[in-house]
Asks: 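Starting off with a structure, shown below.
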Amino acid sequence: MIGTHRHLTGLEELSREEILQVLDLATSMKEVLSRPLKKVPSLRGKLVVNLFFEASTRTRSSFEIASKVLSADAVNWTASSSSVTKGETLVDTARNLEAMRPDVLVIRHPCGGAPRLVADHVGCAVVSAGDGAHEHPSQGLLDCFTLREKLGTLEGKTIAVVGDISHSRVARSDLHSMPKLGAKMRLCGPPTMMPIGIERIGGCTVHHDLREAVEGADAVVMLRIQHERIGDPLIPGTREYSRLWGLNARKAAEWLKPECVILHPGPINRGVELSPEVADGPRSLILDQVQNGVAVRMAILYLLAGGSPEVHPAGGARS
Amino acid sequence: MSEASEVVFIEGGRVIDPASGLDAARTVVLRGGRVAEVAERVERPRDARAIDARGRWVTPGFIDAHVHLREPGQEYKETVETGARAAVAGGFTSVLAMPNTVPPNDSVAVTQLVLDRAARAGLARVYPVGCISKGQKGEELAEMGELFQAGCVAFSDDGKPVSSSGLMRRALEYARTFGAPLAVHEEDLQLVGKGVMNEGPAATRLGLKGNPAQAEEVMVSRDVALAELTGGRLHVCHLSTAGAVRAVRDAKARGLRVTAEVAPHHLALTDDDVARSGYDTDFKMAPPLRSEADRAAVQAALADGTIDCIATDHAPHTAVEKALEFDQALNGIIGLETAFPVCLALVRAGKLTERRLIEALTAAPARIFGLPGGTLAAGAPADVAILDPGAEWRCDPERLHSKSRNTPWKGTSMIGRCTHALVGGNLVYELARGER
C-alpha cells in the first residue's frame with residue numbers, strides 16, 4: 001500500500017505524505033543499488049508481470065531490474081495495443097494474466113485510463129508505467145526524487161517543463177506531484193501543444209516564450225518531441241521547433257541560472273529539444289534520473305507487493 | 001397497430017396536455033383507439049375499463065425523435081421489439097428509428113422490415129428515418145422519395161455528419177419535395193480529429209483527446225446557412241453546445257425552418273462527470289458531454305423554446321463494446337427508460353416548467369415530424385403516458401427492458417417513473433405492482 005492506495009495509476013490521487021513515503025523509501029533502495037551485491041530478499045516469492053502495450057525499453061527494464069534486485073520474479077508480456085483487431089480485450093488479457101497469480105501488474109498502454117480499467121477487473125496491485133497522455137507516475141516520482149536529491153528540497157523552487165505538454169503524461173505527473181512538495185511550475189511550448197485548462201493542475205503558469213519560462217528557474221524538464229504522437233500539424237517541423245523551444249549551449253549559458261539543472265525523461269532527440277552539449281553537460285541529470293528510476297520503482301513495488309518489514313533492506317519501512 | 005375496441009377511463013389524474021393548453025384534474029376517455037373526451041366528470045359505463053391515476057400525471061404518450069433500434073443487423077444490441085418495450089416502459093409511445101442499421105435504411109426493404117417488426121411487436125409506434133445518402137457514405141443522395149412513400153418521416157445520416165457541403169445543399173433542396181426535415185448529426189470531423197470527449201480541462205486532466213464544442217457549432221452554422229440558401233427544413237440532432245444554441249436561435253429569429261432537439265444526458269451531465277466516473281465508458285457518446293456553460297445554455301434554450309424537443313439518442317451497446325479503453329469504446333448510451341426522471345430533475349431545480357417539459361416530449365416532436373399524437377385532444381390517437389412524478393426508484397440496468405445496459409445512471413436514485421403506457425387505447429405497459 002502507498003498510503004491508502006492499493007494501486008498506483010496516477011499521482012493526482014496521492015497526497016504529499018504519500019509521495020514522501022515513496023521518496024523516503026527510495027532513498028534506502030538507492031543504497032542497495034550501490035552495494036557490490038545488488039540483491040535483497042524483500043520480495044522473494046513475489047511475481048511482477050510487466051504488461052506493455054507500447055514499445056518501451058528503459059521503463060520496462062527499469063521495472064524489471066527493480067523487481068530482480070528485490071528478488072521478485074519478473075515476467076515481460078508484450079502485447080498489441082489494438083486489442084480489438086486481436087479479438088481479445090484489455091480486460092481479457094488482464095484476467096488471463098491474473099490467473100497466473102502475479103502480485104503486481106505493471107502496465108503501459110497508449111490509452112489514458114487503461115491501468116484503471118485493469119485495476120477495476122483484477123485482484124492484484126496495478127502500477128501504471130504510463131497511459132496515453134494521462135500520467136506516468138513512476139516517472140513523476142523519479143523526477144521528484146532526482147530534484148530533491150540535487151536541490152535538497154522542492155520547497156520554493158521554480159521548475160519549468162518545456163515541450164509538447166498536450167501529449168505528455170510526464171508533464172501531468174510532474175504537475176500532480178512537484179507542487180505538492182512546494183515547487184512552483186511553469187509550462188512552456190507552442191500554443192498548439194498546450195492543452196486547455198492545464199493551468200488548473202498544480203497552479204502552473206503557461207508560457208510560449210522559452211526565455212521567459214526558464215529564466216530564474218531552478219530546474220528545467222525538457223520533454224521529448226514525439227514524431228509518432230503528432231497526428232495533427234502541431235508544429236511546422238523540428239527545425240523551427242528547435243530554434244524556438246529547444247535548449248542549446250548558448251541559450252543555457254545566457255538564460256539559465258548557474259545552478260539550474262536539466263532533466264529529460266528520455267529518450268532524447270538530440271539536436272531537437274536538447275543540443276548534445278547541453279544533454280551531456282554538467283547541468284544534465286538525465287543519467288541520474290535513469291539510476292534513480294530503479295530505486296523509485298523498487299520502492300513502489302515494495303510497497304504495493306506487500307514486502308515484509310523484516311526483510312526491508314534498511315531494517316524497517318519509514319513513513 | 002390494432003386499435004382497441006375497449007373503452008378505457010383514466011380517472012383521477014392530473015392531465016397535462018400542452019397542445020390543448022390543459023393542466024387540470026380530468027378523466028380521459030379512450031374509445032376505438034382514439035381519445036373520446038377529456039372531461040371533469042363523466043359517467044363510466046359498467047363494461048369500461050378503469051385506470052386509477054390518482055396522484056399521477058396523465059399526458060400524451062411521449063415521442064422520441066431519436067432512437068437506435070439496431071435492427072436489422074445488430075440484433076445482439078437491441079431489436080425493434082426490445083427497443084419498443086424499453087420505449088413504452090419510459091412513457092414513449094412513438095419513436096423515430098434512426099437509419100444507421102446494418103444495412104442502413106436507405107431502401108424500401110429496410111423501411112418495410114422495421115415497420116413489420118414494429119407491427120408484430122405491437123408496442124410503441126415506430127417511424128423509420130431514412131438515410132440522406134446512399135449507405136450513409138455522404139456521396140450520393142438516397143432515394144428519398146421512395147423512402148418517404150414507404151413510411152420514412154425524416155432523413156438522417158445520424159452517427160455520421162454529412163461532411164460535403166455540396167451534398168447537404170442538394171439534400172435540403174430535394175427533401176423539400178416531401179416537406180420532411182433532415183435530422184443532422186453536427187460535427188466537423190476535421191475538428192473532432194481523434195477526440196473522444198469534450199475538449200477542456202477535464203480531458204486535459206484525463207489525458208484524453210478533446211473534441212471541441214466548435215466542431216458542432218461550425219457545422220450547425222454551415223447548415224443554417226444552407227437552410228437559408230435552399231428553404232429546406234433542418235432539424236439539429238442532439239444539440240450540445242452554447243455555440244450551436246446561438247446559431248439555432250439566430251436562425252429562428254431570421255425565420256428559417258430550423259428546429260433542434262437535446263438529449264437528457266446533455267441536460268444533466270458534463271465532462272466533469274466523465275472525470276468523476278474514472279473513465280467510465282457509459283459516459284462516452286457523440287457529441288460528448290460538454291462543459292457546465294454548455295449544459296446551462298442547452299437547459300435555458302430548452303426552457304425558452306430555442307431547442308424544441310427532448311430526444312434520447314437511445315444507443316444500445318453490449319458490455320463487450322463498452323468494457324474497453326475509453327479511446328476504443330463505442331459511443332452512445334441507452335436513454336428511453338431514464339429520460340423522464342432525468343429531465344424531471346430539471347423541473348425540481350427550477351430550470352424548466354412542467355408544462356414545457358411535457359410539451360418537449362409530446363407536442364413539439366409531433367409538430368416537427370408531422371406525426372399523429374402528441375396531444376390528448378378529442379379525436380387524437382389514444383396514446384397516453386401515466387407518470388408518477390414522485391416515484392423513487394433505483395436504476396438497476398439488469399431490470400431495464402432494453403437489451404443493453406450502457407447507462408451512466410446505473411445504481412443511481414431516480415425520482416419520477418412511467419407507470420402505464422397506452423398505444424391506440426391498448427395498455428402496452430404497466431409497471432409491476434411490486435415496483436411501485
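The sequence lines fix the lettering, A, B, ..., with proteins before strands; numbering per chain opens at 1.
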Asks: Would you say that more than 12 heavy atoms from the other residues, nucleotides or ligands in this model lie under 6.0 Å from the CZ of B:R290, or not?
Replies: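 It does: B:R290 CZ has more than 12 such atoms within range.
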Asks: Listed by chain and number, what are the ring pair (Phe, Tyr, Trp, His ring centres under 6.0 Å) partners of A:H207, not counting sequence neighbours?
Replies: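 For A:H207, no residue satisfies ring pair (Phe, Tyr, Trp, His ring centres under 6.0 Å) once neighbours in sequence are set aside.
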Asks: Given that the side chain runs from C-beta out, which part of A:E12 has a heavy atom under 4.5 Å from chain B: side chain, backbone, both or neither?
Replies: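 Side chain of A:E12 only, per the 4.5 Å heavy-atom cut-off to chain B.
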Asks: Enumerate, atom names and distances included, each donor-acceptor pair closer than 3.5 Å involving a side-chain atom of residues 117-131 of chain A, sequence neighbours excluded.
Replies:
from   : atom 1 : to     : atom 2 : distance (Å)
A:H121 : ND1    : A:L117 : O      : 2.9
A:S128 : OG     : A:G130 : N      : 3.0
A:D131 : OD1    : A:H134 : ND1    : 3.2
A:D131 : OD1    : A:E135 : N      : 3.1
A:D131 : OD2    : A:G113 : N      : 2.8
A:D131 : OD2    : A:H134 : ND1    : 2.8

Asks: Spell out, as yes or no, whether a donor-acceptor pair under 3.5 Å connects the side chain of A:T89 to the backbone of B:L324.
Replies: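 Answer holds: no.
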Asks: If you round to the nearest 0.5 Å, how far is OG1 of B:T204 from CZ of A:R200?
Replies: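 Here the rounded value is 9.0 Å.
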Asks: More than 12 foreign heavy atoms under 6.0 Å from CD of A:E240: is that the case here?
Replies: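 Count not over threshold, so no.
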Asks: Under 4.5 Å from any heavy atom of chain B, what part of A:I201 do you find: side chain, backbone, both or neither?
Replies: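 Side chain of A:I201 only, per the 4.5 Å heavy-atom cut-off to chain B.
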Asks: Which region of B:L206, side chain (C-beta onward) or backbone (N, CA, C, O), has a non-hydrogen atom less than 4.5 Å from a non-hydrogen atom of chain A, or is it both or neither?
Replies: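 Just the backbone, heavy atoms under 4.5 Å.
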Asks: What do you reckon, is NZ of B:K410 surrounded by more than 12 foreign heavy atoms closer than 6.0 Å?
Replies: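 Yes, because the 6.0 Å sphere around NZ of B:K410 holds more than 12 heavy atoms from other groups.
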Asks: Considering non-hydrogen atoms only, spot the tightest contact between B:Q328 and A:C111 and give its length.
Replies: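 Nearest heavy atoms, B:Q328 then A:C111: NE2-SG, 4.2 Å.
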Asks: Would you check, one step at a time, whether the test side-chain contact (heavy atoms from CB on, under 4.5 Å) holds for A:R116 with B:E325?
Replies: CA-CA 9 Å; A:R116 200 136 151 193; B:E325 299 87 324; over 6 Å; no
